[in-house]
There are 2 protein chains.
Amino acid sequence: MWSTRLLVLGLVRWLGPVHGYLVRRELDSWRMPGVGEIGAGSIYHALKKLTTDGLIEVVATESVDDRPARTTYRITVTGESEFQRLVREKLWNVAQADDPFHTAWSFANVLGKNENTAMLRRRAEILYSRIEAVTVLLASTTGECAPGREEEFLPPHVRAMLKRQTDLMVVDAEWCETTAARIESGELDLGAVPSPVENENRREAIRTDDFQNPAVEQWQSTFK
Amino acid sequence: MWSTRLLVLGLVRWLGPVHGYLVRRELDSWRMPGVGEIGAGSIYHALKKLTTDGLIEVVATESVDDRPARTTYRITVTGESEFQRLVREKLWNVAQADDPFHTAWSFANVLGKNENTAMLRRRAEILYSRIEAVTVLLASTTGECAPGREEEFLPPHVRAMLKRQTDLMVVDAEWCETTAARIESGELDLGAVPSPVENENRREAIRTDDFQNPAVEQWQSTFK
DNA sequence: ATGTTTATAGTCAAATTTGAACAAGGAACC
DNA sequence: GGTTCCTTGTTCAAATTTGACTATAAACAT
């Protein structure tokens, strides 16, 4: 994932003077699906890189209570403006999520009709169970931070994002079920993938026809 | 992205004896948002790795028409079963898509109310324009491959996946608009992020209270 | 008492990804 | 007739990521 820079810079900024282990813990505690997980090594690497780039600086290297020495960092003025730039870049730029299911689906035809419908239905079930879990989470927490009720607090922006996740999972699950039904009924035939040879012919035909479907280009250009 | 192996192996399998450049071209022609893009170098690296792993084998290294020499590969028997395993692994395992917007949203509070609503509304607009483009694409193509109409053909499984994409984009866009409205009305206050100190206190409170909200654990466990 | 996890804190080699560079033929342009 | 750009095909150094490993103290079990 390429958001490592933003994540680590943002966490150093937010957590004030921190050492790598705290950043790691904080990220682990987020463990938000959708926010790619970052290995321990990547965090320390990012901290060093950000330091040589002048975006953060070493505050001190010291050991407390005979524990292993730790280096604490804080954000610099340059880092602050780079952070502002990065957040805006990532938020304004509408990038497509990188979906492993999408990639694998390209080869879904190797599963037979039965395995495919089974797979899609199980996927839908799992999605529904996750939706349920998030719903429970949202119901058992609040967006207000009341003293004495700290464990019930979930920041409003996190709650909003969780709502988005469930909305997305609902349509995804529905798509899985609809698609399973379509495959079962024979309406959708995944086996109808052109063989490489057919595909080559098709490609050749398109090329020599000197005619590309304009909708394809139109569509691809919206992602530039 | 960690689907490189599957993608390259699958393409070598599908395209029969191929050289790296063809794989590259095929992937470029897909240029499906959601299927992570793979750099040229990664393809050649994957081909070499797959070869040393015995999943594919070199057919020949030759140069045609005085063009640069090229090495062609084809899948092996071991490769075929590994491919079958990989496809199933990726399809059955319900992994969360890695969403850059989600990551950046964690820091959305640095944008003010105005910039935030503007950002969300522009995002919605862009999503709608993409939905429109895909809709046009689906309408101007068919799932049947008729000779003489090759440029109108779009494989059924691709059409199905595009439908999923639009469904997802529709909810995403709606969420953006709803959220923009909630921010504007003051109902949703992104500035209400606990300061690091508050957060530390909260964390401390939770730890010493020896009480974790069970819903959090419940929720996280569904992603294991 | 003694062995075994667990939490803290970070390093390092190996694997992977990126993207520019290289090389050479052909088409387009002026 | 020369310059520039595009397509074909691949390589390579540098950047990044992974995840297993080191080390120590406290907590816990036997």
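Residue numbers begin at 1 in each chain, while the letters A, B, ... track the order of the sequences.
Contact annotation: A:K48 reaches the phosphate of C:dT11 (side-chain N/O to OP1 or OP2, under 4.0 Å). Remark: A:S42 is in phosphate contact with D:dT18, judged by side-chain N or O atoms under 4.0 Å from OP1 or OP2. Regarding contacts with the backbone of D:dT16, a side-chain N or O of A:K49 is found under 4.0 angstrom from either OP1 or OP2. The side chain of A:T4 places no N or O atom within less than 4.0 Å of a non-bridging phosphate oxygen (OP1 or OP2) of D:dT16. Proximity of A:R25 to the phosphate of C:dT8: a side-chain N or O atom is located under 4.0 Å from OP1 or OP2. Here B:Y44 reaches the OP1 or OP2 of D:dT10: one of its side-chain N or O atoms lies under 4.0 Å away.
Put simply, CG on B:L22 is 9 Å from P on D:dT10, counting in whole angstrom units. Nucleotide D:dG9 holds its C1' atom 16 Å from the CG atom of B:L27, rounded to whole Å. Rounded to an integer number of Å, the gap from B:H45 NE2 to C:dA14 P is 14 Å. Rounded to a whole Å, the CD atom of B:E26 is 13 Å from the P atom of D:dT8. The distance between atom CZ of B:R5 and atom P of C:dT17, rounded to the nearest whole Å, is 10 Å. Atoms CD1 (B:I43) and P (C:dG19) sit 13 Å apart, rounded to a whole Å. Look at OH on A:Y21: it is 7 Å from C1' on C:dA9, rounded to the nearest Å. Going from atom CG of B:D28 over to atom P of C:dT18 covers 13 Å, rounded to whole Å.
Heavy atoms of B:G41 sit under 4.0 angstrom from at least one base atom. Among the atoms of the strands shown, base atoms are found under 4.0 Å from some heavy atom of B:R24.
Taking the six-membered ring where the residue is Trp, B:F101 and B:W175 present perpendicular rings, their angle passing 60° and hence far from 30°.
Within the 4.5 Å cutoff, no side-chain heavy atoms of A:T52 are placed close to those of A:K48.
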**OP:** Check step by step if salt bridge (Lys or Arg N to Asp or Glu O under 4.0 Å) holds for B:E82 and B:R85.
**Re:** CA-CA 5 Å; B:E82 173 67 359; B:R85 202 190 61 68; 3.0 Å; yes
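With sequence neighbours excluded, the residues that form a side-chain contact (heavy atoms from CB on, under 4.5 Å) with A:S42 are A:I38. By the salt bridge (Lys or Arg N to Asp or Glu O under 4.0 Å) test, B:D172 is found to be paired with A:R164, B:R123, residues two or more places apart in sequence or in another chain being considered.
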